[in-house]
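A short write-up of the structure that comes next.
Residue numbering restarts at 1 for every chain, and letters A, B, ... go by the order of the sequence lines.
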Amino acid sequence: MTTDATAPGLGSDPARTERQGAVHLLRELTMPGVLALVAIYLIVGLVTMQAPSNADFPGPRFFPGIITAALIVLVAVQAVAGIRAWRRGTLVELGEDEDVRRQSGLSMEAGTRSRLDVRALAWILGGFLGFSFLLDLLGWVIGGALLFWCVARAFGSRRVLLDLVIGLTLASAAYIGFDMMLGLSLPSGILGGGF
Amino acid sequence: MEVLGSLAEGFGHVLTLQNLLWVVVGCFLGTAVGVMPGLGSSMAVALLLPVTFALDPMAAFIMFSGVYFGGLFGDSTMAILVNTPGQASAIASTFEGHKMARAGRAPQALATAAIGAFVGGMIASALVVFIAPVLAALSSQFGPAEFFALALFAFVATSSVVTDSAVKGLLSLVLGLAIAVVGIDGVTGAPRFTMGSPLLFDGISLVTVTVGMLALGEVIYVACIARHNRREQSVRATGRPWLSRKEFREATPAWLRGTAIGLPFGVIPAGGSEIPTFLAYGLEKRLDSRREDPQFGKGAIRGLAAPEAAGNATTGMSMGALLALGLPISATAAIMLGAFQQYGLQPGPLLFERAPDLVWGLLASFFIAMIVLLVINLPFARLWAKLLLIPEPYLYAGITLFCALGIYATSSSTADLLFLLGVGVLGFLMRTFDYPLAPLIIGMVLGPLAESSLRDALMSSGGHPGVLFDGPIVLVLYVLMLGAIGLTVRAKLTGRAGARA
């Protein structure tokens, strides 16, 4: 989002130069980059699509074609807007609420830079990946308890034993409620081994 | 009256012990999730979507409506006590509501909000009973061109009117549409964007996308970013949660005015109840400034009563639009539309003919949900606030566990879990960079309708685009679309300005 209104009268605001690092530009281009990948996937799909030769004019490629074109145009617009905001130093910081900023007289606070908590991200992603692959082996109850512990840890909880106990309780309750009572199927894993 | 007869039958369906139980469960869950800081009703509905596969459609939908309305009641509790609205529609309630709470009138503020939501929801539900069949009859004359116009209406309104950045809103919408085109093409049978993998032949599951976007994405976002720059102050509510007669007299006109503002927005796909709540707030503020003793800024009861009533009036009416036209005006409504489709039901005129039990039962359940919600919110709002005592790590760890449960239980496949994680990361990125999520959900749900109606219209005309603008209903829809965009943009500008001053 461009914030043209902030441009005038801010001269040599320290908060502005603070926002012009390479990392800010990279960050601003993350979403356009991801969306560009989606556009490439769509283009490849459009080219390789095997449409029946007898299909009438608005065939299977018609609607996706419109979407792809729109996506490419919008990504370009967004990327240019992001680069221009970066040059002016008016990018929004991570987690900064633009509404709040606009309401507080359009001023930017210096030194309120917030960062991505990489460790939290790693705990959640790692925990979830491990859970996905080990679920059949460990079973729902143990796997779920471990997932619970990983996410709680990502949120800063350091009481390993308590977290695991709560996780085990919750996972068991879910197992009883959904597998046994509602009839959804959850893996029993090593706990149910041999039975 | 035929309508009342059908409604009475609907009550007959709902007033069974089992269905009443689902209404109450839905109301409790909705309120609980709404009360949690930062969580709104769309997340509650998304998390419950997989679970409902174990229920019959009737039970599922009355539970959904309980959750939907309950989320609104719960959101305002949070907005008032902690100044953190769970959904955009509760923002307008924070302005005067939180001031009232800070001034030691928290119980009165909670009561004002609960009664306001009740009044708005009740009036809207009553109107829906009469209007929905009329709308359904009208929409039975719709052809492909009309449905395409309707879908376009919803796309344009949700992606550009409601959001701050039209480009980001449209990007989110296009991404949703792109997700919707994956899978076998319904007309020609050609596989599209599947990379030859049979996993993608059926397309990408709406359940996975909504749970990943709205729930898992939120968990990652809070863990990595939001948690680190939060400052909030909770106010304890003590004292009797009843309004004095004077306060009641003061709030009543605001409740009614708010309801009147909220009602029309339920059928206009302008993104849900955010705009009407701001409009209602702005109107009360202007009326207040003309009084001898302006109350705004000091915790004006009217400044809370009007937006609450408006928000629930819009939500109630939007259920009418959803049932009769198949038109979702918010992300939550879109998820419910998706749920209908999972059961093989297509909301719209045919739903009233094919599944009248379901429609009228659902409508009847709205009234029951309103009463249940008033009962569990008016005297017990303080108890709900105790949910805040759940430590954050356990709250979010529990949500994550529930996401995994829902997805795995419906498919038993590791691939779906990995896909959920991927969508969750995408949702996290979109939140981080301020991309609205509602357009994506609406694009994904309405995408197939837009595509099939567009292709049907063009095929029948031999490829002439003129057919899209042919016929009085279509033209009325496009004129309405332009009018609604103009009005909402203006209303938003003035409403925001009023809120800021």
Distance (rounded to the nearest 0.5 Å) between Leu74(A) CG and Lys168(B) NZ: 13.0 Å

Between Leu35(A), Val34(A), Thr68(A), who has the most heavy-atom pairs with chain B when the cutoff is under 4.5 Å? Leu35(A)

Between chain A and each of Asp416(B), Thr194(B), Leu454(B), Leu421(B), count heavy-atom pairs under 4.5 Å; write down the option with the most. Leu421(B)

Region of Leu216(B) in contact with chain A, defined by heavy-atom distances below 4.5 Å: side chain

Out of curiosity, Leu42(A) CG to Leu177(B) CG, how far, rounded to the nearest 0.5 Å? 10.5 Å

Write down the atom of Val151(A), the atom of Ala397(B), and the distance for their closest heavy-atom approach. CG1-CA, 3.6 Å

Nearest heavy-atom pair of Ser132(A) and Thr414(B): which atoms, and what distance? O-CG2, 3.3 Å

Distance flag, aromatic centroids of Phe155(A) and Tyr394(B), threshold under 6.0 Å: no

Pair Asp117(A)-Ile225(B), side-chain contact (heavy atoms from CB on, under 4.5 Å): steps then yes or no: CA-CA 6 Å; Asp117(A) 186 340; Ile225(B) 290 176; over 6 Å; no

May I have the step-by-step check of side-chain contact (heavy atoms from CB on, under 4.5 Å) for Phe62(A) and Leu458(B), ending in yes or no? CA-CA 11 Å; Phe62(A) 177 63; Leu458(B) 286 177; 3.5 Å; yes

Which value, rounded to the nearest 0.5 Å, describes the distance between Phe133(A) atom CZ and Leu417(B) atom CG? 9.5 Å

Close side-chain approach of Thr400(B) to Ile124(A), heavy-atom, < 4.5 Å: no

Using non-hydrogen atoms and a 4.5 Å limit, figure out which bit of Val44(A) sits close to chain B: side chain, backbone, both or neither. neither

Which of parallel (below 30°), tilted (30 to 60°) and perpendicular (above 60°) describes Tyr41(A) and Phe193(B)? tilted

Quick one, Leu129(A) and Leu418(B) - any side-chain contact, counting heavy atoms below 4.5 Å? yes

Please flag which part of Val182(B) lies under 4.5 Å from any non-hydrogen atom of chain A: side chain, backbone, both or neither. neither

Could you tell me which portion of Leu173(B) (side chain, backbone, both or neither) has an atom closer than 4.5 angstrom to a non-hydrogen atom of chain A? neither

Heavy-atom cut-off 4.5 Å, strictly under: side chain, backbone, both or neither for Trp123(A) against chain B? neither

Out of Leu175(B), Leu420(B), Leu405(B), which one racks up the most heavy-atom pairs below 4.5 Å with chain A? Leu405(B)

Correct closest heavy-atom pair for Ala404(B) and Phe131(A) would be CB-CE2, 3.5 Å

Between CE of Met430(B) and OG1 of Thr30(A), what distance do you get to the nearest 0.5 Å? 13.5 Å

Let me confirm one number: the CD1-CZ distance from Ile399(B) to Phe148(A), rounded to the nearest 0.5 Å. 10.5 Å

SG/Cys224(B) to CG/Leu116(A) distance, rounded to the nearest 0.5 angstrom? 5.5 Å

Contacting moiety of Asp136(A), where chain B heavy atoms sit under 4.5 Å: side chain

Exercise: identify the closest heavy-atom pair between Glu451(B) and Pro64(A): OE2-CD, 4.1 Å

Measure from the side-chain N and O atoms of Arg192(B) to the backbone N and O of Gly45(A), and report whether any donor-acceptor pair falls under 3.5 Å. no

Mind running side-chain contact (heavy atoms from CB on, under 4.5 Å) on Tyr435(B) and Gln78(A) for me, showing each step along the way? CA-CA 11 Å; Tyr435(B) 284 69; Gln78(A) 182 62 35; 3.4 Å; yes

Bottom line for Leu401(B): the part with an atom under 4.5 Å from chain A's heavy atoms is both

Relative to chain B, which of Ile166(A), Val77(A), Thr48(A) shows the most heavy atom pairs under 4.5 Å? Ile166(A)

Where does Leu135(A) contact chain B at under 4.5 Å (heavy atoms): side chain, backbone, both or neither? side chain

In terms of heavy-atom proximity below 4.5 Å to chain B, should Ile67(A) be classed as side chain, backbone, both, or neither? both

Give the minimum heavy-atom separation between Ala223(B) and Ala120(A), together with the two atoms involved. O-CB, 3.7 Å

For a side chain to side chain contact (heavy atoms under 4.5 Å, CB included) with Met31(A), tell me which candidate from Leu171(B), Leu429(B), Thr432(B) qualifies. Leu429(B)

